Every structure is written in structure tokens, then in C-alpha cells.
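Shown next, in C-alpha cells, is the structure this report addresses.
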Number of protein chains: 4
Amino acid sequence: MAYEFSLRRRVEFAETDMAGIMHFSNFFRFMESAEAAFYRSLGFSIVKQVEGTGWPRVHAECDYASPLRFEDEVEVRLLVKEKRTRSISLLFKFLKMENGQEIVAARGAVTAVYITRSLDGALKATPIPEAFHQKVEAAPSDILGAWTK
Amino acid sequence: MAYEFSLRRRVEFAETDMAGIMHFSNFFRFMESAEAAFYRSLGFSIVKQVEGTGWPRVHAECDYASPLRFEDEVEVRLLVKEKRTRSISLLFKFLKMENGQEIVAARGAVTAVYITRSLDGALKATPIPEAFHQKVEAAPSDILGAWTK
Amino acid sequence: MAYEFSLRRRVEFAETDMAGIMHFSNFFRFMESAEAAFYRSLGFSIVKQVEGTGWPRVHAECDYASPLRFEDEVEVRLLVKEKRTRSISLLFKFLKMENGQEIVAARGAVTAVYITRSLDGALKATPIPEAFHQKVEAAPSDILGAWTK
Amino acid sequence: MAYEFSLRRRVEFAETDMAGIMHFSNFFRFMESAEAAFYRSLGFSIVKQVEGTGWPRVHAECDYASPLRFEDEVEVRLLVKEKRTRSISLLFKFLKMENGQEIVAARGAVTAVYITRSLDGALKATPIPEAFHQKVEAAPSDILGAWTK
């Protein structure tokens with residue numbers, strides 16, 4: 001049973017904006033990359049899931065503490081906050097080295113709902129499959145408590 | 001004094017993802033577009049502001065109620081929630097027509113801090129200029145109250 | 001019968017990069033937006049086309065003469081260069097005002113193939129539908145000749 | 001002296017479009033990532049280069065042979081085609097495994113000009129620095145000849 005994951009990534013040139021920092025919307029793409037890599041590490045092919053099912057977001061947020069810049073190496077840490085019948089809530093931390101110290105550049109959260117897609121394209125919330133429940137769990141409360149510090 | 005704005009936009013093909021809907025990160029780009037158009041409508045050139053100053057985000061969030069699809073026309077409505085010495089908080093609604101009725105596809109919020117940039121690239125929170133205060137104000141409480149319904 | 005189209009757009013903040021100019025990849029997204037608006041102006045719903053059919057690119061190119069910057073208003077002009085049984089070739093010009101004069105900021109070209117998609121996701125080149133042929137034609141040779149000047 | 005480089009990357013969900021494949025504009029971002037990693041491997045910090053100097057593109061093109069899909073692993077291979085006083089031309093190949101065989105999914109080319117940026121933001125083509133010339137060279141003609149096959 002897994003409830004955490006970590007992904008390392010480097011900020012690309014195309015991810016910066018004219019303010020010289022990573023565009024704030026791209027933090028959400030980094031979160032999604034960590035989430036997909038987390039599921040992949042557990043043997044879930046999201047490709048297969050997407051044909052007819054999927055995980056659209058119902059909520060996403062991010063608090064930005066320190067900007068990321070081109071070529072910065074960042075660690076995106078993921079924690080499963082809560083698992084419900086039809087949805088999952090994930091927390092994220094963006095860690096980078098600054099002056100020899102690891103700092104939290106940003107914190108994020110995402111809630112995604114498991115859906116099936118009808119032939120007409122309509123999305124309907126659906127219970128998360130058993131195979132998923134067997135591999136993914138919410139973090140224990142002490143881990144969750146320590147996370148926010 | 002202005003506290004609200006509305007921008008119409010159409011979802012582009014490149015803004016969709018393989019789930020057939022607008023990628024969730026692009027809602028944040030639409031919010032930013034509405035914000036820039038709001039300031040532009042008041043005569044502020046953000047280009048000039050960016051040389052040495054800027055509005056990096058410290059918080060961004062979005063609640064997704066209904067997906068946007070390619071070629072959907074959407075109205076992004078902006079409301080100034082709060083103005084402080086060094087920051088501004090904005091609310092957003094994404095409105096679209098569905099079966100002849102206007103529905104709220106998503107709600108967003110952004111807080112941006114006014115900064116000056118040193119020659120070494122460091123960002124420092126700075127009081128919002130007087131010219132800005134003279135044109136932008138927080139929405140009255142009754143408007144704010146009605147917004148969330 | 002139509003062979004040209006023009007779209008006006010403004011460069012968004014998220015489309016810039018740390019060099020302070022529109023990222024070169026976004027010129028291709030502007031071309032695609034002009035192409036979609038061209039077809040829309042003729043009554044084609046690309047949404048409907050995409051279910052089972054589509055226009056994947058086989059070639060795309062761009063020559064950059066002058067950078068576009070945040071808030072620049074640009075006119076993306078499209079010309080149908082050639083129409084073949086299964087493909088279409090489009091030319092693009094990016095026009096902007098500079099010092100009171102209209103200049104060509106970039107020139108682009110795209111070739112797209114009409115395809116049908118099998119249930120397994122495979123794409124297969126297919127003759128362009130008759131309804132499309134009745135509305136879209138290649139530009140006359142004198143127009144094409146004048147375009148490149 | 002180096003004239004080639006290889007970068008491995010996986011297609012992210014946000015890089016796909018509603019046709020279920022990687023959006024064609026993102027191939028150009030992959031090329032740029034390979035280019036930046038190539039320079040980084042030689043000890044060049046492009047970050048430092050960008051303050052006052054840079055490599056804006058004057059030409060970019062891509063030929064698409066086979067679509068890339070979410071989670072596909074792709075190798076982006078770079079070859080220095082030509083080095084001139086103020087510009088460099090690079091070739092790219094996108095390789096992926098399909099049915100146990102490596103295929104060329106796309107081929108690209110980019111020409112970038114070395115520039116200095118005045119205080120008013122204007123860009124001016126400038127001779128490539130000596131340190132760059134000492135590390136980067138054009139591929140020998142036999143390698144170039146074999147590349148296109």
C-alpha cells in the first residue's frame with residue numbers, strides 16, 4: 001500500500017515566463033506529472049484508464065513561497081491525503097536547494113474524481129476500482145500532521 | 001473605481017487534453033488573461049510594470065464543476081475580493097451556455113503580491129502604487145456576498 | 001469558395017518566456033487557432049470532425065523575423081497553398097504594427113492530412129470529404145505569388 | 001568537441017490534445033529541452049547566457065511520421081548541422097519503440113541566432129563566443145549524410 005511518491009524534474013525554458021520564473025500554471029502540470037508517475041510506479045496504466053474512465057480534477061490549488069527558475073532542479077513530493085469512494089485528494093510539496101539548504105518553494109493540493117465517460121462524452125462519477133484501493137491508501141495521520149509543518 | 005471585469009474567450013484545440021476537455025491548468029491561464037485585460041481596460045500597461053515590478057502569485061485555486069470543450073465560448077468574470085497594501089485577491093467565475101442555460105463551469109481565486117525586482121533577480125513585496133489604488137477597489141460586501149451563490 | 005482568412009489575437013503573459021518574448025512554439029498554436037477559426041467561419045465544426053476523423057500535421061515550419069511581446073496585437077493571415085486528395089497545405093503570416101508600420105513578424109507553413117481513426121486508435125489517411133472541397137480551395141497562383149513578397 | 005546529444009523523455013498528460021496524441025507544437029519544446037541539456041552537458045549555463053544574451057530561433061520545422069501518445073518514452077536525438085559566425089543549425093530525430101522496433105516518429109530542425117539584448121529590449125545578432133566554439137562543432141559530413149536516411 002502506497003501513500004507517497006517523489007518526482008525530480010528540471011524547469012524547462014518553455015515553462016518560464018517574461019518575469020524570468022516558472023509560470024504559476026506550470027506548477028499544476030508538475031503535480032499532474034508526479035501523480036501519473038506515482039500511479040505508473042504501482043503498475044497502473046493511466047492510458048488504459050482513460051479509455052472510458054479518467055480522473056478529472058474537481059479542485060486544485062497552490063501556494064507559492066519561492067519562485068522556480070530555468071534549470072532549477074525541483075523535487076515534487078506527493079502525499080495521499082484522503083481516499084473516498086469516488087475521489088482522491090493529494091497534497092504536493094515543491095522542494096529545491098537554495099544556498100545549500102532545501103526549501104519548500106510551493107505547496108499544492110488536488111482532488112480528482114474517478115469517472116466513466118458515456119459515448120456522448122458525458123462524465124459520471126464512479127466508485128474507484130478495487131485494484132486501485134488495494135494499492136493506494138491515505139497517509140497515516142502522523143505523517144499527514146508532519147507534512148504541513 | 002473598478003472592481004469587476006468580464007472577458008470572453010473560446011477554448012482552443014491546443015488547450016484540450018486527451019480526455020477531450022480543456023486541461024485543468026489552462027483555467028489558470030484564462031484567469032490571468034482576464035486579469036491582464038482588466039488592468040489594460042484601466043490604462044495600466046503591465047508590460048511597463050514588469051520591467052522591475054510585477055505581480056507574482058502567492059495563491060491560486062480553482063473548483064471545477066463542468067468541463068470546457070474545444071470551441072466552447074466561455075465568459076471569465078473577475079471580481080476584486082480584497083486589496084491590501086502589497087497584495088490583491090481576485091475571484092473568478094467561468095460561465096458557459098449549456099442547453100440554453102448559463103451555468104458556472106468553474107470558480108477560481110488568485111492572490112498576487114506587488115513586487116520590485118532587484119538587479120540580482122530577487123523579488124521583494126512592495127506597496128501597490130497610488131495610481132493603481134485610484135482605479136481599482138474591492139467589491140462592495142453585498143456584491144461579494146451575491147457572488148458566491 | 002474560400003482560400004484566405006485572418007485572425008487577430010493578443011499575446012498573453014503565459015505565452016511569453018524568460019527572454020521576454022513569445023515562445024517560438026506558440027506561433028504554431030496561433031497558426032492552429034487561425035486554421036480552426038477559418039473552418040469555423042465556413043460552418044465546419046471541427047469538434048464533430050474529431051470524433052473519428054481529424055487533421056494531424058505532417059509538416060509544420062516557421063521563420064521568425066521579429067519577436068512578439070506581451071500584449072502585442074498580431075494579425076495571423078492564412079492562405080490555402082494547395083489542396084490534395086488527402087491533405088491540405090496552409091501558409092501563414094504574422095503581422096504586427098511597429099513604429100506605425102505593419103511588418104511581417106513571422107511566416108509559417110503547415111501541411112495536415114485528413115484521417116479517420118480506428119477503434120484501436122490507429123490513424124489512416126482518407127480522402128477529404130466533398131463538403132470540404134465545396135467550400136475550401138487553393139489560392140489562385142497570382143495571389144500565391146504575391147504572398148511570398 | 002561535441003556535435004551530438006540524446007535526451008530521453010516521457011510524454012506527459014498535459015502535452016496531449018483531444019485527438020489523443022502529443023500536440024504538434026510540443027515537439028518543438030522537446031527539441032528545445034534537448035538543446036538546453038546538450039549545452040548543459042558541456043558546462044554552459046544558459047541561465048547566465050540569457051541575461052543580456054540569448055538564442056532566439058529564426059527557423060523551426062518538424063516533419064511528423066508517427067504520433068506520440070501519453071506515457072510514450074521518446075529519445076530526442078540532436079545533431080549540430082552547421083555552425084556559423086552568429087548562428088547554429090540543429091537537426092533532431094524523435095525515436096520511439098513500436099512493436100519491438102525503433103522507429104523515427106518525427107524529424108525536426110532549428111536555426112538559432114546568438115544575440116545580445118540592449119537595455120531597451122532590442123535584440124542584435126552577435127558573434128558566438130569563443131568558449132562556445134571550443135566545445136561545439138558541426139557534425140562531420142559522413143555523419144550528417146547518414147542522419148537523413
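Because the structure is a prediction, the values reported are computed rather than measured. So that the names make sense, note that chain A is the first sequence line, chain B the second, and so on, each numbered from 1.
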Inset, instruction - Heavy atoms only: give me the nearest B:Glu71-C:Ala36 pair and the separation to one decimal. - result: OE2-O, 4.4 Å

Inset, instruction - Check whether more than 12 heavy atoms from other residues, nucleotides or ligands sit under 6.0 Å from atom CZ of C:Arg8, and answer yes or no. - result: yes

Legend entry - Region of B:Arg10 that comes under 4.5 Å of a non-hydrogen atom in chain C: side chain

Legend entry - Non-hydrogen side-chain atoms of C:Arg29 and B:Glu15 separated by less than 4.5 Å: no

Inset, instruction - Report the residues that fulfil ring-ring contact (aromatic ring centres under 6.0 Å, His included) with B:Tyr64, sequence neighbours left out, ordered by chain and then residue number. - result: B:Phe27

Inset, instruction - Can you see which heavy atom on C:Glu12 is nearest to which on B:Ser33, and at what distance? - result: OE1-OG, 2.8 Å

Legend entry - B:Phe30: ring-ring contact (aromatic ring centres under 6.0 Å, His included) partners, not counting sequence neighbours: none

Inset, instruction - Assess whether atom CD of B:Gln101 is packed by more than 12 heavy atoms of other residues, nucleotides or ligands within 6.0 Å. - result: no

